[in-house]
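Here is the structure we will look at, set down as structure tokens.
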There are 2 protein chains.
Amino acid sequence: MEEKCEKPNYNNLSERSREILLGIIEGYFGTANPVGSKFIAENTGLNLSSASIRNIMASLEEAGYIYQPHFSAGRIPTAKGYKFYIDGLMIAEKISQKEKENIEKRLASANRNLSGILSRVSILLSDLSHYAGVVLAPDMSGAFLLHIEFIRIKEKNILAIIVFANGVTENKSFYIPKDIKQNELTRYSNKLNGIIENKNCDLDGLKKIITEEMYSDKENFYSILSSEIFSPVGNTDDYGDCINYDNRLYVGPEGDLLEEPEFSNNEQIKFLIKTISDKKNIIKLLGHTKNCKTKQIFIGSEEEWSEISGLSLITAPYASENNMLNGSIGIIGPLRMNYSHVIPIIDFMSEFLGGII
Amino acid sequence: MEEKCEKPNYNNLSERSREILLGIIEGYFGTANPVGSKFIAENTGLNLSSASIRNIMASLEEAGYIYQPHFSAGRIPTAKGYKFYIDGLMIAEKISQKEKENIEKRLASANRNLSGILSRVSILLSDLSHYAGVVLAPDMSGAFLLHIEFIRIKEKNILAIIVFANGVTENKSFYIPKDIKQNELTRYSNKLNGIIENKNCDLDGLKKIITEEMYSDKENFYSILSSEIFSPVGNTDDYGDCINYDNRLYVGPEGDLLEEPEFSNNEQIKFLIKTISDKKNIIKLLGHTKNCKTKQIFIGSEEEWSEISGLSLITAPYASENNMLNGSIGIIGPLRMNYSHVIPIIDFMSEFLGGII
DNA sequence: TTTAGCACTCGATATGTTTAAGTGCTAATT
DNA sequence: AATTAGCACTTAAACATATCGAGTGCTAAA
């Protein structure tokens with residue numbers, strides 16, 4: 001899969017311009033209102049009059065870092081401005097030892113079960129950031145198998161339980177054309193488990209071994225099964241519902257996010273809720289991050305990432321120690337997001353999550 | 001558990017009053033604006049002047065079926081008015097054969113896996129109603145067991161897979177103080193499965209049998225286990241997160257609901273989203289319905305069900321044929337909900353869902 | 001019993017006015 | 001050459017006021 005994951009390169013700004021840009025961005029973070037030249041003159045160490053600052057602001061606007069919502073208003077950062085801030089101006093907050101311990105505690109008490117952990121992480125991300133946390137579950141294809149078990153539910157109905165080496169389980173129940181008794185099923189699963197123990201393979205590998213071995217015999221149990229049990233997991237169905245374990249998006253509570261002043265506008269709030277409840281675009285961007293293997297910052301503007309226009313999404317991939325499980329996490333907030341607070345949270349959480357799955 | 005599930009009894013209204021009330025409610029459904037006497041005079045079969053209708057409206061208001069948002073406005077139904085409409089005035093729509101087939105098709109293509117079905121049902125309820133569908137997963141305590149399997153994940157870490165007779169599975173992974181090899185674990189699960197086959201019991205029943213049998217031996221595997229495997233399922237944890245399979249709420253997409261005119265007000269929309277994402281109150285009301293065993297209608301007003309004030313929640317219980325799995329489904333919408341459309345959907349779906357789980 | 005007529009209420013809408021914040025430009029100052 | 005004081009100008013927001021229209025309750029007449 002090919003993806004563009006590079007970081008853009010910004011032309012340098014003079015020290016003075018950088019300081020004024022920083023002032024504008026931090027001022028905007030604080031007040032949620034356009035920042036004027038007078039405010040900068042009074043609230044930064046620069047000993048300059050508002051008139052001088054106006055001159056520099058005009059050139060910062062020319063260069064695309066800030067803009068005016070209307071003629072006689074102050075300035076607001078553009079997407080380009082935020083990016084410059086994140087890459088060069090921002091001083092990331094440190095997560096205190098106490099906070100780290102709190103996170104560990106809240107995740108430790110979770111059932112040691114992937115779905116439970118991921119759901120919990122999404123809630124935790126919401127809580128810590130006061131925005132909305134999202135978690136994309138890892139794709140199970142490629143994960144080593146530990147155990148497979150067939151259980152007869154009732155006549156011609158079988159449940160397959162697939163246990164991966166990392167403790168994740170997947171259940172698939174399906175119908176077969178002729179009934180098979182439980183002890184025969186147990187024989188079949190024993191045989192599969194023998195292969196798994198010897199060859200240390202993933203689902204796809206197992207499929208190959210089985211289809212080679214059982215090539216001729218059409219009536220064979222495994223050949224009936226293979227179409228069912230090895231069917232691709234983790235994709236959306238014909239109705240666009242994401243029903244499978246994999247590729248599943250966990251979304252934390254979004255209550256706090258709604259209190260941000262940008263969502264006092266009715267259209268904004270609807271766009272936010274629809275974007276989150278639609279899941280499609282969020283999953284797309286989180287998938288992108290998973291493939292990039294590094295933290296990504298999506299700032300939704302008219303020109304770029306317009307699918308989340310007006311929203312920011314900070315994401316990072318996570319991976320289990322053996323690199324078998326890959327997913328990503330993220331935080332959705334307004335453009336005017338507290339990046340210096342949120343980014344360390346994402347960094348810490350992606351690493352921590354990698355360590356416990 | 002004791003719950004009040006009775007239906008209130010309304011004093012009778014004259015034929016004319018009923019017809020005017022019906023006109024007001026249907027008019028309000030159509031326009032989302034307070035309905036005046038002139039509108040009723042012109043849009044119903046009644047050959048009455050607006051002045052006469054005003055007299056009757058005054059008495060309907062006196063009796064609490066309608067109210068005026070302000071002095072010179074038309075009338076809006078109260079919660080009491082809606083209830084009277086639902087119980088006595090409404091003519092429920094029929095679900096066409098075609099729609100039924102569509103529902104069946106969309107649920108048939110789902111993986112035959114409880115979680116998948118329930119998630120799908122919540123989406124389907126949203127789609128069909130254009131409001132927000134919710135589904136409360138059944139409580140598994142009381143469901144007969146089919147199979148238990150212990151799998152050694154790694155040193156001192158065990159995964160227990162519990163399969164219920166209805167095909168639902170539950171996974172619990174936990175730590176044990178001393179390591180046990182897989183073949184020994186298999187012996188243990190075989191023993192349990194023997195008991196399950198003979199006694200046909202639920203988790204609680206199994207626990208009793210085991211603890212009686214293994215009374216003396218403290219070092220015993222089962223006694224180590226019992227605290228873990230039989231720990232209560234389906235409740236929220238110390239942080240209020242609902243992480244377990246049971247008692248889990250599935251919420252369908254709420255995009256359509258946001259388009260209703262009642263949610264053009266910013267506070268309304270926030271209340272809706274917070275109520276849904278909070279889950280607690282929705283779960284409470286769905287749980288109430290499950291215990292009542294009949295369809296329930298919650299109309300959120302200042303006086304009653306104020307936790308969903310301004311919202312309506314139509315719910316119905318569902319149960320598997322053998323009555324082992326009990327849960328409930330619901331649709332959340334504005335007070336001005338299209339009850340005659342939504343109620344048959346809820347009725348059909350609760351019955352249909354009971355049939356396929 | 002019904003209704004025409006009327007005075008009255010009150011939100012919604014439109015219009016005009018004022019205010020405050022902020023700008024760009026120019027000429028004076030450092 | 002860089003900086004700044006001063007000023008005319010722009011605009012959104014806040015406020016005040018007037019008008020309109022939908023709807024009411026009441027009374028007296030049909």
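So you know, we letter chains A, B, ... as the sequences are listed, proteins then strands, and number each from 1. These numbers come from a predicted model, not from an experiment.
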Fill in the blank from the handout: Contacts satisfying side chain to side chain donor-acceptor pair (under 3.5 Å) that involve residues 27-41 of chain A (not counting sequence neighbours) are A:Ser37-A:Arg54
Handout entry: B:Phe29 and B:Tyr85 aromatic centres sub-6.0 Å
Key = yes
Problem - Nucleotide D:dG21, atom C1' - distance to NE2 of B:His70 in whole Å - result: 11 Å
Completion exercise
note: B:Ile24, atom CD1; D:dG23, atom P; distance rounded to Å ~ 12 Å
Exercise for the section: Using only side-chain N and O atoms of B:Arg16, determine if any of them is under 4.0 Å from OP1 or OP2 of C:dT1. Expected result: no
Completion exercise
The side chain to side chain donor-acceptor pair (under 3.5 Å) partners of A:Tyr339 (sequence neighbours excluded) come to A:Ser312
Exercise for the section: Grab the CD1-P distance between B:Ile40 and C:dT3 for me, whole Å please. Expected result: 15 Å
Problem - Contact list for residues 306-315 of chain B, test salt bridge (charged side-chain N to carboxylate O under 4.0 Å, His left out), sequence neighbours left out - result: B:Lys284-B:Glu307
Handout entry: Residues forming a salt bridge (Lys or Arg N to Asp or Glu O under 4.0 Å) with B:Glu19, sequence neighbours excluded
Key = none
Completion exercise
Whether each nucleotide of nucleotides 13-30 of chain C has a protein heavy atom under 4.0 Å at its base (B), only at its sugar-phosphate (S) or at neither (-) is summarised, 5' to 3', as --------BBBBB-----
Practice task
Verify the contact: side-chain N or O of A:Ser49 to OP1 or OP2 of D:dT3, cut-off strictly under 4.0 Å; return yes or no.
Solution key: no
Problem - Of all pairs that satisfy salt bridge (charged side-chain N to carboxylate O under 4.0 Å, His left out), the ones with a partner from residues 331-343 of chain B, not counting sequence neighbours - result: B:Glu260-B:Arg336, B:Glu262-B:Arg336
